[in-house]
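Computation of the quantities below employed the complete heavy-atom set of this structure, encompassing side-chain atoms and omitting hydrogens, waters and symmetry-equivalent molecules. These figures come from a predicted structure and were not determined experimentally.
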Amino acid sequence: MIHGVGIGLSQRFYESLVAPILQQHFPKLPHAAARIGLGSEVLGYDSDMSADHDDGPCVQIFLPEAEFSETAREMMRILDRSLPDRFDCWPVRYPTNVRPSAGDAGAGLLGSEHGVELYTLSAWCDRFLGRQFTADITTHDWLSYPEQLFLTVTAGAVFRDDIGELSAVRDRLCYFPRDVWLYKLAAQWGRIAEERAYIGRTGNAGDEIGSRVIAARMVGNIMRLAMLVERRYAPYPKWLGTAFSRLPCAPELTETLEQILSAPDWRKREAGLFDACWFIAELQMARGVPGAIAPSVGSLHNRPFRFVDSCRSAMRFDLP
């Protein structure tokens, strides 16, 4: 499997096999169909290695709450006997520890041996998000969850949504509200500011390993900062580099970050960090981040270390 084909496989599976079965046996039943939740294919990062477990044609079907308990069992019985063994050279029935069990219909979710999973939207949210995200999402809520959780529902694709509830949740969680976004930008600049002179300080003290460790951490912080500036959720660490590489700014910034990681001495490492932070600070202005202003060079106790003064300039955002 080449990168990013899993969503297409699931869409074809739904449109070619599952949807006709539902139309024949439940023509008046509204439903939503999607490929969301867990799995590298949801993020669009699937590959041959991703396909070695929990992988195959898969679709989540969302049914109305009031009709789920009775309808889901009958629907699953029909799917069990109607679906073929293979689709597009992939097995339709395959083991996974992700799908719900065959005995959970009373809880609003139902699975089987194949890749069709049945849910109510509330049951899916409880299982994968840990709560119901209603229209009233507080700032504390936004700051209490990792960004990967929001990708669980906003990544992937919706193939059909008769009622609109699934699309409404995805729209609600599509990205941070303005003030939360600006706060997270300021906090990320703050993380960088905490160690802004440490690459040079450790290197100057003869601690080459320490300087490299800090440089690697700073590169990760800059990548996350770039994700925020471009208004993209950051996935969990395995896919952070892949997600970063797809940002509009990545072609210009990647070479500098690679130079930081491969630099033979702390002075070149520090110079690369300076250039990367300067680039991001200017990118904020280019992207119209409210309150972003031109970067400036900082100093600390008159020591000979060079860095972007994020505390004084780049993180002075227009917060209320």
Side-chain angles (χ1 to χ4, degrees), residues 143 146-147 181-232 234-287 289-319:
L143 297 175
E147 295 179 34
W181 173 51
L182 294 179
Y183 173 83
K184 288 181 73 73
L185 275 166
Q188 193 63 25
W189 274 113
R191 288 189 184 94
I192 292 171
E194 289 174 1
E195 298 184 308
R196 55 192 171 177
Y198 288 178
I199 288 177
R201 184 68 182 90
T202 51
N204 182 260
D207 180 8
E208 181 64 14
I209 290 178
S211 180
R212 288 179 180 273
V213 168
I214 293 169
R217 186 162 54 242
M218 294 292 263
V219 166
N221 281 328
I222 291 168
M223 291 165 63
R224 291 184 178 278
L225 182 58
M227 298 288 294
L228 285 165
V229 173
E230 299 282 20
R231 297 179 63 86
R232 308 284 177 85
Y236 63 103
K238 180 172 74 171
W239 296 119
L240 177 61
T242 302
F244 169 79
S245 72
R246 299 186 181 186
L247 295 179
C249 68
E252 294 182 75
L253 184 55
T254 297
E255 184 177 354
T256 302
L257 298 183
E258 290 176 344
Q259 289 173 353
I260 296 171
L261 294 173
S262 62
D265 60 73
W266 73 263
R267 294 186 184 278
K268 291 182 179 179
R269 222 169 281 138
E270 181 188 72
L273 177 64
F274 181 92
D275 291 344
C277 289
W278 196 276
F279 175 89
I280 292 289
E282 291 190 328
L283 181 68
Q284 290 181 153
M285 295 188 294
R287 295 289 188 265
V289 175
I293 59 176
S296 61
V297 180
S299 61
L300 190 64
H301 306 306
N302 296 316
R303 290 174 176 173
F305 307 125
R306 189 166 175 261
F307 52 84
V308 172
D309 191 354
S310 57
C311 287
R312 191 174 65 84
S313 58
M315 61 180 278
R316 191 191 298 170
F317 298 124
D318 186 19
L319 294 170

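In the displayed structure, Glu255 atom CD is contacted under 6.0 Å by at most 12 heavy atoms of other residues, nucleotides or ligands. For Arg212, the CZ atom sits in a packed shell: over 12 heavy atoms of surrounding residues, nucleotides or ligands are nearer than 6.0 Å.
Between Ser262 and Lys268, the closest side-chain pair of non-hydrogen atoms is not below 4.5 Å. Contact annotation: the side chain of Ile209 never approaches that of Thr202 to less than 4.5 Å [non-hydrogen atoms, C-beta and beyond].
Residue Met218 is tested with Val213, Leu257, Leu273 for a side chain to side chain contact (heavy atoms under 4.5 Å, CB included); the sole match is Leu273.
A side-chain donor-acceptor contact under 3.5 Å links Ser245 to the backbone of Thr242. Here the side chain of Trp266 pairs no donor or acceptor atom with the backbone of Glu208 at under 3.5 angstrom. Side chain of Gln188 to backbone of Asn221: a donor-acceptor contact under 3.5 angstrom is found. Between the side chain of Glu147 and the backbone N or O of Ala234, at least one donor-acceptor pair lies under 3.5 Å.
When every heavy atom of Thr256 is checked against every heavy atom of Gly272, the shortest pair comes out as CG2-O, 3.3 Å. Here the closest heavy-atom approach between residue Arg287 and residue Pro248 is recorded as NH2-CB, 3.8 Å. Smallest separation of non-hydrogen atoms from Pro264 and Arg269: C-NH2, 3.8 Å. Contact detail for Trp181 and Leu228: the closest heavy-atom pair is NE1-O, 2.7 Å. Taking every heavy atom of both residues into account, Cys249 and Leu283 meet most closely at CB-CD2, 3.8 Å. Looking at every heavy atom in both residues, Gly200 comes nearest to Glu270 through CA-OE2, 4.1 Å.
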Begin from the C-alpha positions of Phe279 and Ile222 and carry the test side-chain contact (heavy atoms from CB on, under 4.5 Å) through to its verdict. CA-CA 10 Å; Phe279 175 89; Ile222 291 168; over 6 Å; no
Chi angles and distances behind the side-chain contact (heavy atoms from CB on, under 4.5 Å) call for Asp275, Trp278: CA-CA 5 Å; Asp275 291 344; Trp278 196 276; 5.6 Å; no
Please determine whether side-chain contact (heavy atoms from CB on, under 4.5 Å) holds for the pair Met223 and Leu253, giving the CA-CA distance in whole Å, both sets of side-chain angles, and the decisive distance to 0.1 Å. CA-CA 9 Å; Met223 291 165 63; Leu253 184 55; over 6 Å; no
CA sep, side-chain torsions, deciding dist, call: Arg246, Glu230, salt bridge (Lys or Arg N to Asp or Glu O under 4.0 Å): CA-CA 11 Å; Arg246 299 186 181 186; Glu230 299 282 20; over 6 Å; no
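For the atom pair CD of Gln284 and CG of Leu225, the computed distance is 6.0 Å after rounding to the nearest 0.5 Å. Remark: Ile260 CD1 to Ile214 CD1 distance equals 13.0 Å, nearest 0.5 Å. Between the CZ atom of Arg217 and the OH atom of Tyr198 there is a distance of 10.0 Å, given to the nearest 0.5 Å.
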